[in-house]
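One structure is given below, encoded as structure tokens.
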Amino acid sequence: MKFSNFFIPTLKESSSDVKMRSHDLMIRSGMIRQETSGIYSWMPLGFRVLKKIIDKIEFLHDEKGINQILMPTIQSSDIWRISNRYDTYGKEMLRIIDRNNKDLLYGPTNEEMITAIGKQYIKSYKNLPRRFYHIQTKFRDEIRPRYGVMRAREFLMKDAYSFDIDEVNGENTYCDFFKLYLKIFSQLGIPVIPVRAPSGEIGGNLSHEFHLVVRTGESEIFLDSKLLDQSCENFELDQILSLNSYTDDYFKEIENKKNLEKFKSIELGHIFLFGTKYSSSFNFNVDSENGKFMPFMGSYGIGISRIPAAVIELSNDNDGIIWPKAISPFSVHLINLNVDDTECSEFCEKFYKEIKSRDIDILYDDRNERPGKKFSDADLIGIPLQVICGNSFKKCRELSILKRSNKDQIDIGVGKAIKKIIEMIGWNE
RNA sequence: CGGGGAGUAGCGCAGCCUGGUAGCGCAUCUGUUUUGGGAACAGAGGGUCGCAGGUUCAAAUCCUGUCUCCCCGACCA
């Protein structure tokens, strides 16, 4: 992508209204624009990051045989009356009336709808288990939206739902999702901690949240600090159940508070096994070999649009964002400092095409701007590798490769540059 | 919903107390010189001062109402 043809409206100055680092950087790097309180447009650069995250999440869900669907944003009040949540959900639910005076709502979540879908099609135990997911805009009319997309009213969420024949199978599914979530976050380059959350209204249910520990986070969790360095990706159910980590709410309920430290964090995911809560209110019965039963259900959410903000909150410096490779909008940022020079521009053009032909995302700054502006934009946008073509190209056919994370710079002959870049992209950090 | 702050050019702000031709920086446009870390000079364009009412010869400024946004607390991915 050429910078001249990719709209990134960067800003030099911060708004005094913006208090959180990630919020400020997302606005100044031209990723998002506020529409009204808690509602944001995603500009080209921001949307690219979002798409990277979506792609990874989709891939890993599809790989597990979880079927992607797309449910509507607008729901009928009817199904919410069946679950009795239309009246209890409260003011967070945005209610809408259509021209025929029918009560509609902008979906804050989809348990009711997925249960209605399941009930219509799943008639036999032979049709179970089933797992579905969708990625869709949600709306929750939060009391106080804040910090940009970190706590927005309209937000993008991946929510998955499972149907199983009984509790044991439901727990296995839950366990699968637990591991899947750890894998997803690890592949996104985000070190999350699984945290036990309180059981819901129905006793005996399972719930965990996935938190990113960061000093400026707005949640509080309590955990054994050993968990910070431990991988839980291969945990079995009993280990998951006995994790020594708790959400704020859960912490108040437990008795043994030894070895628990308080951390600030950002909640990025939440999984929940709620059993037959909705299948029973929907009278969702399925034939078994010798009678009928109600499917055992769970739901599994990831706050997609919150992820870029969380990552930036964790990974930035005075000059701007430092993207982890996995979700960086581009892998390489080529900076041409001499666009007026034919030789330099021709080289950059060729170099740009060559990198692109190797399936590497590259942003090529071909704008007629001064070096200082290009460097500061590059640092603000935060692409992991900056490749600079300037004076040393003219003098001795060298490029500079600069790592955004620590500003380490190497100068390298043009012939060796591509090989080196590919090598650096492959580095794990 | 309680408490606090703010709405003036695309962005960031001053002016308001003490009423009298709406200003500064950034950005934008033109020209010249510049070009490895947000360039310099010269010029130009851009505003129903959130909205509505009131006081006054005169309102960005004073009064009343209203809308919106932000921050702190109780809810959430």
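For the numbers below, each heavy atom of this structure counts, side chains included, while hydrogens, waters and symmetry mates do not. Chain letters run A, B, ... following the sequence lines, proteins first and then strands; every chain starts at 1. In this text, all values refer to a predicted model and were calculated from it rather than measured experimentally.
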Side chain to side chain contact (heavy atoms under 4.5 Å, CB included) between A/Thr173 and A/Arg131: does it pass, once the steps are laid out?
CA-CA 9 Å; A/Thr173 297; A/Arg131 295 154 187 198; 2.9 Å; yes
Could you state the [atom1]-[atom2] distance from [X] to [N], rounded to the nearest angstrom?
X: A/Lys373; N: B/A40; atom1: NZ; atom2: P; value: 14 Å
X: A/Leu380; N: B/C11; atom1: CG; atom2: P; value: 18 Å
X: A/Ile8; N: B/G38; atom1: CD1; atom2: P; value: 20 Å
X: A/Asp377; N: B/G36; atom1: CG; atom2: C1'; value: 16 Å
X: A/Arg85; N: B/C75; atom1: CZ; atom2: C1'; value: 15 Å
X: A/Asp248; N: B/C76; atom1: CG; atom2: P; value: 11 Å
X: A/Lys394; N: B/U35; atom1: NZ; atom2: P; value: 14 Å
X: A/Ile388; N: B/G36; atom1: CD1; atom2: P; value: 12 Å

Out of [options], which nucleotide sits closest to the side chain of [X]?
X: A/Arg370; options: B/U34, B/G38, B/G36; answer: B/U34
X: A/Asp340; options: B/U35, B/A27, B/C75; answer: B/U35
X: A/Pro371; options: B/C75, B/U35, B/C70; answer: B/U35
X: A/Arg140; options: B/A77, B/G36, B/G37; answer: B/A77
X: A/Tyr147; options: B/C75, B/U35, B/C72; answer: B/C72

Base, sugar-phosphate, or nothing for [X], non-hydrogen atoms under 4.0 angstrom?
X: A/Gly301; result: nothing
X: A/Gly269; result: sugar-phosphate
X: A/Ala309; result: nothing
X: A/Ser15; result: sugar-phosphate
X: A/Ile335; result: nothing
X: A/Glu142; result: base
X: A/Lys19; result: sugar-phosphate
X: A/Ile143; result: base
X: A/Glu154; result: nothing
X: A/Asp159; result: nothing
X: A/Ile307; result: nothing

Side-chain donor/acceptor of [X] to base of [N], under 3.5 Å:
X: A/Glu13; N: B/G25; result: yes
X: A/Ser16; N: B/G12; result: no
X: A/Arg28; N: B/C11; result: no

Are A/Phe330 and A/Phe6 an aromatic pair by the rule of ring centers under 6.0 Å?
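Judged by ring-centre distance (under 6.0 Å), A/Phe330 and A/Phe6 do meet the cut-off.
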Using the [atom1] atom on both, measure [N] against [M] and round to a whole Å.
N: B/C75; M: B/U28; atom1: P; result: 47 Å
N: B/G15; M: B/U34; atom1: P; result: 41 Å
N: B/G31; M: B/G45; atom1: C1'; result: 15 Å
N: B/G4; M: B/A22; atom1: C1'; result: 29 Å

Check ion pair [X]-[Y] (N to O, under 4.0 angstrom):
X: A/Lys52; Y: A/Asp361; result: yes
X: A/Lys2; Y: A/Asp365; result: no
X: A/Glu218; Y: A/Arg151; result: yes
X: A/Arg306; Y: A/Glu313; result: no
X: A/Lys179; Y: A/Glu236; result: yes
X: A/Lys350; Y: A/Glu346; result: no
X: A/Glu35; Y: A/Arg33; result: yes

May I ask which nucleotide in the shown strands pairs with [N], Watson-Crick or G-U wobble, both distances under 3.5 Å?
N: B/C13; answer: B/G23
N: B/A6; answer: B/U68
N: B/C41; answer: B/G31
N: B/C1; answer: B/G73
N: B/C62; answer: B/G54

Could you tell me whether the phosphate oxygens of B/C76, OP1 or OP2, come under 4.0 Å of any side-chain nitrogen or oxygen in A/Arg306?
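Checking A/Arg306 against B/C76: no side-chain N or O falls below 4.0 Å of OP1 or OP2.
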Check the phosphate of B/C71 against A/Arg144, side-chain N and O only, distance under 4.0 Å to OP1 or OP2. Yes or no?
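So the side-chain polar atoms of A/Arg144 do come within 4.0 Å of the phosphate oxygens OP1 or OP2 of B/C71, strictly under.
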RNA chain B: 5'-proximal contact among A/Gln34 and A/Ser400 (nearest heavy atom):
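The answer here is A/Ser400.
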Using the closest heavy atom to pick a nucleotide of RNA chain B for each, name whichever of A/Gln386 or A/Leu156 lands nearer the 5' end.
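Taking each residue's closest nucleotide, the earlier one in sequence belongs to A/Gln386.
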What do you reckon, do A/Phe155 and the base of B/A77 stack, with centroid distance below 5.5 Å and planes below 30°?
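The base of B/A77 is stacked with A/Phe155 (centres under 5.5 Å, planes under 30°).
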